[in-house]
Every structure is written in C-alpha cells, then in structure tokens.
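In what follows, every chain begins at residue 1, and chains take the letters A, B, ... in the order their sequences are listed. For clarity, every value in this text was computed on a predicted model and none was experimentally measured.
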Number of protein chains: 4
Amino acid sequence: MNDKRVHILDVAEQLFSERGFDGTSVRDIAGQAGVNLAMISYYFGSKEKLLVALIAHRSSYTHGILEELNRDDKLSPWDKIERLVDLYVDKIINNYRFHSIMTTHLPTIQSDDIREMITDIKVKNFELIKKIITEGQQQKIFRKVDMELTVGCVMGTLTQATLSKSLYCRLMHIDIHDEDTYRKKIIPKLKTHLKSLLKAHLEIRN
Amino acid sequence: MNDKRVHILDVAEQLFSERGFDGTSVRDIAGQAGVNLAMISYYFGSKEKLLVALIAHRSSYTHGILEELNRDDKLSPWDKIERLVDLYVDKIINNYRFHSIMTTHLPTIQSDDIREMITDIKVKNFELIKKIITEGQQQKIFRKVDMELTVGCVMGTLTQATLSKSLYCRLMHIDIHDEDTYRKKIIPKLKTHLKSLLKAHLEIRN
Amino acid sequence: MNDKRVHILDVAEQLFSERGFDGTSVRDIAGQAGVNLAMISYYFGSKEKLLVALIAHRSSYTHGILEELNRDDKLSPWDKIERLVDLYVDKIINNYRFHSIMTTHLPTIQSDDIREMITDIKVKNFELIKKIITEGQQQKIFRKVDMELTVGCVMGTLTQATLSKSLYCRLMHIDIHDEDTYRKKIIPKLKTHLKSLLKAHLEIRN
Amino acid sequence: MNDKRVHILDVAEQLFSERGFDGTSVRDIAGQAGVNLAMISYYFGSKEKLLVALIAHRSSYTHGILEELNRDDKLSPWDKIERLVDLYVDKIINNYRFHSIMTTHLPTIQSDDIREMITDIKVKNFELIKKIITEGQQQKIFRKVDMELTVGCVMGTLTQATLSKSLYCRLMHIDIHDEDTYRKKIIPKLKTHLKSLLKAHLEIRN
DNA sequence: CATGAATGAGGGTTCATTCAT
DNA sequence: AATGAATGAACCCTCATTCAT
C-alpha cells in the first residue's frame, strides 16, 4: 500500500525531472508505474497534490543532515565548512532529480502556497549554512562576506551542475545519457572546487 | 511587419519564463499578444519553432558583448574580470526571463537538436570566459583553478538569482512581484560579490 | 459496453460512406452517435484506427459466406455460380455503405499498411471466386476466360451500382434518397443480369 | 495566363485522385503548382468551384469521342461495339485520374447541383452507348438485355481497374507505383475481355 | 479498496478564405 | 492583375479528473 505510494512518487520524480511538471501527464506516470490511471487521483487527490506529496516525501528524507552538522560542537568552523560541502554536494547530486524539479518548477509555480512551501525549505537550508558562517565570523576566523550570495554561490554551482548537465557532459567528454559516470566525475570535482573556493573567499586576508 | 514578430517573441518570452514552455499555450501567447491564434503558426510554423526563433533572436542580441571584451587588449586580466562581471551580471539579470527559459527548459527538452543548440550557446559563452582566465594564468597573474566549475560558479550564482528570486526576495525583504526593486538591489550586490569572490579565488596565494 | 463500440462503428460507417473518410470529422461521428468526442479516441485510439476497426468488424461479419459456398460439394459449377451471384449481390448491396467506403477510400489511402489490409481482403474474395470458376473449367464445363477481369466485371458491376446510385436512380426513376426502393429494385435486377452475363460468358461455345 | 489555369487544374486533378478531394488542401495544390495560395481563390473562387472547373475542363476534352462513333453509319453494330470498347477503354484508362475523382467523389458530394452535373455527364455517356446497343437490337443482331446493367458492367469493369489498381497490381505482379506498366498491361487485357464479354452477352443464342 | 468508463476542457495545428495593397 | 498577411473556424487528439461499480 504505502510501497505503491512511494513507487508512484519515485516514478513521478523521474518523469517530472526528465520532462518537467507540465510536460508529464498523469497517464505517463500511471503507465510507467504500472498502476491504474485513476489511482493517482485516488491516492493523491490531484496532480498538483502529488507534487506536494513528493516534496514532502523527499524533504523529510533529506532534512536532518545539515541540522546534525550544526549541532556538532567539536568541529572547527573550517572543518564544518569542509563537512558542509561534502554533505551538501552528496545530497544535491544524489538527489539531482528532485533538486532539478524544485529549481526548475519554482519560478513557474502559480499557486502561492506551493511557492511559499518550497521557498520555506530553501530558507531553512540557507539559515543552517548561514549559522555556520556566522559562527566562524564571530570567532574572527571568517571574514565578512555577502551572506545571501555566498550561500547562493554554493547552491548555484550545484544547480548549474544539475541543470546544465548537457553543458558539463560536453566539456568533460561524457555521454549525456551516462548518468553514473557524470556523477562519479562531478562529485569530487565539485567538492574540491567548492572547498577551495570557500577557503579563499572566507579566509581573512592580510 | 517584423514588429509583430518581435512582439510575439516578447510575449512568448514573458509567458515561457512565468509559466514554463509546457505551461504556456499558444492560445495564451496569441491572446496576450493580441494577435490571431493562427498567426503564430503562420509566422513561426509551430510552438517549438517559436522557441527556436526566440533563442535565435535573443542570442544574436546578446552575442557580441563578451567577444568585444575579449578583443580589448589594453585591459589587464584583473580589469577584464571586473568588466566581465559587470557585463555578465547586467546581461543575465536584464534578460533574466530569457535566461530563466534557457536554464529551466534545458533539462526537459526532448528534441536533441534544440538541446544541442542551447548547449552550443552555453559552450560558446564558456569558451569566452575561459579565454580570459587562461590569459591571466599564462601571465602568471591567476592561479590554477577548476575551469569548468569556476565559470559554473559565476553562471550558477546568476542562475540562482534568477530562478530562486522568491528566496532572495524573502531574504532581502522585497515583495516578490516588485521586479524593478529586486533588480536594482541584486545587480550591485552580485557585481560586488562576484568580483570579490573571483579575486580571492584567482589570486595567487603565498 | 460493446454495444457502444458497435454503435459508433455503425455511425462512422454511415458518415464515411455519405461524406467520405476525410469529409467526416470525429466530431460528426461523436455528435451523431450521441457520445462524447473523447470517447472515440478512448475506444479506438484515433480516427484512422477507427477505420481499421470498422474494416475488421465488417470483414469478420461477411467473411464466412463465400467460404461456405466453396465447401459445398453437392452443387454443380453452374449452381455454384448462381448461388455465388445471389450471395454476392446480397452481401454487397446490403452492405453497400461499407463497400462504398472500401472502394472509394482505397485509392486515396496514404498508409501502406491499411492499403495492404484492404487489398488483402479483396484478394481473398477474388481467390474464392476464382476457385469456383477454375473448378468449372477443370470439369470442362466453363470455357477459358480472363480470370482477373471476369471477377472484376462482377465486382465492378456491383461497385457501379453502389457508387453511381445517383445515375441508376435517374435511369430507373427512383428518388435518390429512397434507399429501400433502390435496393429492392436493383438487387433482383443485378442477380438476373449477372447470372445471364456469366452464363453467356463462361459457356463453352461451339 | 490560361496556361496557369490549366496547370493548376492538372495539379489539382493529380492530387484529388491521389488523396481525394477532402484529403487535398488548397495549400497542397498551390504548393505543387508553384503558384500563390490566394491565386486559386482568385482564379476559381473556391475549392469547390475549382472542382467544377476541372470537371468542365476534362469533360469538354473527352466529350466528342463517343458522339463521333455514333454518327459513323458505315460500321455494323458489332463493329461499333468493338470500336466503342477500344475508345472507351483508352478514354477511361488514359484519364484514370479524372475518372477516379468523378467516381469516388460522386457518392460523397453534398451539393445537389454538382451531383446532378456529374450525373448528367454519366447519363449522356449512358445514352450514347445505349443507342448503339438499341440499334443492334432493332436490326435483330443483338438480343434483349438489361440495358442499364449492361452499360454498368462495362463502366464498372473500368472503374474497378481504376479504383482497385492495388488489387490488380498484386494479382498481376506489378509494382503499385509503376503506373506505365500497369496501363500498358491492363489496356489490351480490358479490350479483349470486354469485347469477348459483350459478344457473348449480346449475341442471339439459339 | 480499486478501477474501467466516461467526460468537458483545452492542447497544437491546419483549413479555406479574405483583405489591403 | 496578383499576392503577402491575416483570420475565424474547425481539425484530431490528449488532458486531468470524476463516477458508478
């Protein structure tokens, strides 16, 4: 029962990320998932509510990661930045489908409620990262930076790696359909780059 | 004559960016543009070809900017970086609708031809920026960095500012529908941040 | 359930025969049949597949008639010819709508598959009649004739009676819209004529 | 000028015969004929009037043939039948496109005027052939036959050869698209068959 | 609880025709 | 006399959803 729900959500996630929300029909999802067409309305109410359910499902799954990091008092701010990058890159790239949906669908959402819901999630993530940086600044270890855009730069780089996969595949000579290879190559690349970038960016200059 | 074509493209751009390609009907475009529904097929052939025409239209418009910068021999690499950021931020944010379409639609495009077309444009932009950085590296002014992701970080930050407008509006206490204020505040913020970021990132450390 | 399918096929047959395949819209069929427009796609998939379903439906219905005749060993070749004419005239004239569609649509069909499908049915009918004539020839009862055109002459006369109804109604002083009277008068006329014609044509002359 | 009109009619004839009247768009005709789309309405008034013009054009062209035959007093009724078959087969098969249009379109015509117009032409042809047969009967050379269907049988055989080309190509092992071969083989076959058939049919039996 | 049947609304596209030039 | 631009209507089809069973 719940398995079927989760299965539908998985299929929906895949199709939404591949074809977009409006480019995916409920028929497509039902067909791919091997369930009756009416079952989707039956379980979720509507296509839009299916999306909301998907967001809730995935968000609850990837929620605790950053919070845990923040509670860890033994780590220095620099260590936390490194761990943050590791966790964040893994989180986004391994959930690139969901991340893609959230990012591409956000600007086209007509319903204020859903937009606020997605924005809330993004704000929460922002606040957690902000906390880490603020902590380092209070300890006079990080310099003062534009907080919104510093976070935005990290998020944006990952979004770029998600949405412009076709660009990076071209640049890195990877077949566009070979998702595994792409992920295997882009993840360490992203980690190294972002750590180096944040180091240079946050470091107090003399 | 051609005015009507351009007008249709403008309306299509706005609606595509607000509702997505699949979320916008040809009827919507015709209605908003005040032209007959059949006019769109008459002028462009199909909805997809309308998108291609839009891409061609906007790309030709914003093409020369970066090339010009590259040809300017009097500027130092650091100067070029600064000008690059100024030009690029202006270009993207002032064409944020088109940028939004290009970015959000890219991963869901089914047609290989159009995906390649968009990727081509992105590659071209990448190459021009790469040239500037490479030049600075050859002059031993910039340090060695991950080229793809350094560019991706700049692009991604701008994409973030475009696609996650709702997030930044919330963080910066701007009404989501007040586009002018958002642009006026985010543009200098982006310029300052990216210059500072690239400075720290490219600078040779001792 | 299946009644509705058959009802739609009946209506489609009537309209196709009156207005032609391309002259009939799916809306016309849905309207005349009193079903929802989307129902046609739901049941048949597409307008073209509706035609295929109609052909399959009618062909299966009228298939066995000639085969049965062929298996009857008690009849002499002349008896078989007479029965053939009786059966064939009844079959075509009572299904004149379907026969009209098959004949008028055949030369304009673009899809190779459907054309081959219709041709297959015509070939099968040809083979069955050929068998009867060949049998008579082997028994030295019928003379040697052009097989294709002897069959073609029978088929053609019936086609003529179907497609040029307006001509025959004029010649026989029947109102063009009075289908019952036309059928009642033309059927015995056709039977008598074709029997006489085939008798003279197949008979061995001295 | 008039050349252009005739050219358009030729193209229309070809397309109407290949795709049917309703299956052919005015755009198709204009495109194939290499003339401006608006020119067809400009010259002919409407698509339907174009068809009427085509019928008038072709009818006037093939009109006099049978009349001439009838006036020839030197020929015996049997000679006239033979010449009739020769002329008629040539006329229909060499104008098979036009014949196909006339035959397939006739039952679907909604306009009473056009149907009457086409029926008129068919009646005229019928009367001319009827005259020949009646003459032979008055001279006690031909036996009494069903006049309508005797003519209908000849017409029908030719219609069959025109509309069921795909059947005959299959039976005679001719490629369906090789029109020249088909015509070269079917014309003498038709002439021989119809002469033989009419001989047996009209001959007074003892 | 689950689903096949059904539907109103709207999708993109093409139609024959007209009009201003 | 001739045509590029434009249009209202209609095309076939698919959409998300509902409802009776």
Pair C:Asp22 + D:Arg19: basic N to acidic O under 4.0 Å: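 Judged by the 4.0 Å cut-off on N to carboxylate O distance, C:Asp22 and D:Arg19 do not form a salt bridge.
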Pair C:Arg97 + C:Asp10: basic N to acidic O under 4.0 Å: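 So C:Arg97 does not pair with C:Asp10 through a salt bridge.
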First encountered from the 5' end of DNA chain E, between C:Val35 and B:Thr24: C:Val35
Nearest to the side chain of [X], heavy atoms from C-beta on, is which of [options]?
{"X": "C:Arg27", "options": "E:dG10, E:dT7, F:dA16", "result": "E:dG10"}
{"X": "A:Asn36", "options": "E:dG12, F:dA16, E:dG4", "result": "E:dG4"}
{"X": "B:Leu37", "options": "E:dT14, E:dT13, F:dT18", "result": "E:dT13"}
{"X": "B:Lys47", "options": "E:dT3, E:dG12, F:dA16", "result": "E:dG12"}
{"X": "C:Ala38", "options": "F:dG8, F:dC15, F:dG4", "result": "F:dC15"}

D:Tyr42 side-chain N/O to E:dT17 phosphate OP1/OP2 under 4.0 Å: no
Touch class at under 4.0 angstrom, heavy-atom based, for C:Ser41 against every strand present: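 The residue C:Ser41 makes base contact.
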Nearest-nucleotide 5' precedence on DNA chain F, A:Phe21 against C:Val26: C:Val26
Integer-rounded Å distance: E:dG12 C1' and B:Leu15 CG: 16 Å
Under 3.5 Å: donor-acceptor pair, side chain of C:Gln32, backbone of C:Ala30: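 No, C:Gln32 side chain to C:Ala30 backbone: no donor-acceptor pair under 3.5 Å.
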Any donor-acceptor N/O pair, C:Thr108 side chain to C:His105 backbone, under 3.5 Å: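 It does hold such a pair.
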Opposite nucleotide pairing with F:dA20, Watson-Crick or G-U, both atom distances under 3.5 Å: E:dT3
